[in-house]
Amino acid sequence: DAKTTQPPSMDCAEGRAANLPCNHSTISGNEYVYWYRQIHSQGPQYIIHGLKNNETNEMASLIITEDRKSSTLILPHATLRDTAVYYCIVRPTDSWGKLQFGAGTQVVVTP
Amino acid sequence: GAVVSQHPSWVICKSGTSVKIECRSLDFQATTMFWYRQFPKQSLMLMATSNEGSKATYEQGVEKDKFLINHASLTLSTLTVTSAHPEDSSFYICSAQTGTFAKNIQYFGAGTRLSVL
């Protein structure tokens, strides 16, 4: 399974955009990039996913590089409630859709 | 997004007893459900995958006789921790999705915190 690399932590100012990087250099052509976040003591929350095109929804934008070896999750206007651990996961298509969580990035949004 | 309900949210039990955790998809039919465990300050670890009407597939190192999984309907899966011991104390989280493809979104419950005394 393709592995992902994320910075262990990031700080972000409230109201500013938060750009969360993720490297997945061994990603295969049919593997999706998923982003989830986990607020303390809660279950993970789905944010967004994509295959090769950039994606945007009400929560965030996902920018995937043309070679698909890295991606960036963008939270356009961070709020204090966005403080969480963010997980970037490459999801294989042939293993019952399992998600393998790594260590993620601890994002702290400060006033 | 779709809603996955998990119950109970918190349970305390004595060593040697069994505990059942329920996971329900409230507004969609979940052909596949997953069970995870998370220890303090660690990431989620997948325990098992269950498909409706069939036996669960356990990850390597997870004792199938200790963690009994039943996925009897398209909206309900249960995890029973049998003969629980203090080392089983953890945060258990379920998730559910329609189908088994990577494009299908997996939605998570709020988790169950198990404390075994």
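Everything numeric here is computed off the predicted structure, so don't read it as measured data. Per chain, numbering begins at 1; letters A, B, ... match sequence-line order.
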How long is the span from the [atom1] atom in [X] to the [atom2] atom in [Y], to the nearest 0.5 Å?
X         : Y         : atom1 : atom2 : value
Lys98(A)  : Tyr36(B)  : NZ    : OH    : 9.5 Å
Asn104(B) : Tyr32(A)  : CG    : OH    : 9.0 Å
Ile47(A)  : Ile105(B) : CD1   : CD1   : 12.0 Å

Residue part contacting chain A, namely of Ile93(B), when any heavy atom lies under 4.5 Å: side chain
Per-residue contact mode, Glu59(B) against chain A (heavy atom under 4.5 angstrom): side chain
[Y] reachable from [X] in the ILVMFWY side-chain graph, under 4.5 Å edges:
X        : Y         : result
Ile74(A) : Ile64(A)  : no
Met10(A) : Val109(A) : yes
Val62(B) : Met33(B)  : no
Ile63(A) : Ile89(A)  : no
Met47(B) : Phe34(B)  : no

When you look at Tyr107(B) and Tyr34(A), which way does the ring-ring contact (aromatic ring centres under 6.0 Å, His included) test go after all the steps? CA-CA 12 Å; Tyr107(B) 295 97; Tyr34(A) 272 78; 9.9 Å; no
With sequence neighbours left out, which residue pairs that include part of residues 25-78 of chain A fulfil the disulfide bond (SG atoms under 2.5 Å apart) condition? none
Report, by ascending residue number, the residues of residues 109-117 of chain B in heavy-atom contact with chain A at a distance under 4.5 Å; give 'none' if the set is empty. Gly109(B), Ala110(B), Arg113(B)
Could you pull out the closest heavy-atom pair between [X] and [Y], with the gap in Å?
X         : Y        : value
Phe101(A) : Ser43(B) : CB-OG, 3.3 Å
Phe91(B)  : Gln38(A) : CE2-NE2, 4.2 Å
Gln106(B) : Tyr46(A) : O-CB, 4.4 Å

What residues form a ring pair (Phe, Tyr, Trp, His ring centres under 6.0 Å) with Tyr58(B), not counting sequence neighbours? none
Answer yes or no: does atom NZ of Lys20(B) have more than 12 heavy-atom neighbours from other residues, nucleotides or ligands under 6.0 Å? no
With a 4.5 angstrom heavy-atom cut-off, which part of Gln45(A) approaches chain B: side chain, backbone, both or neither? neither
Taking salt bridge (Lys or Arg N to Asp or Glu O under 4.0 Å) as the definition, give me every residue that meets it alongside Glu52(B), ordered by chain and number, with sequence neighbours left out. none
I'd like to verify something: which residue of Gln42(B), Met45(B), Gln38(B) has the highest number of heavy-atom pairs under 4.5 Å with chain A? Gln38(B)
Output, in order, the C-alpha distance, side-chain angles, deciding distance and verdict of side chain to side chain contact (heavy atoms under 4.5 Å, CB included) for Tyr36(A) and Leu44(B). CA-CA 12 Å; Tyr36(A) 282 82; Leu44(B) 283 78; over 6 Å; no
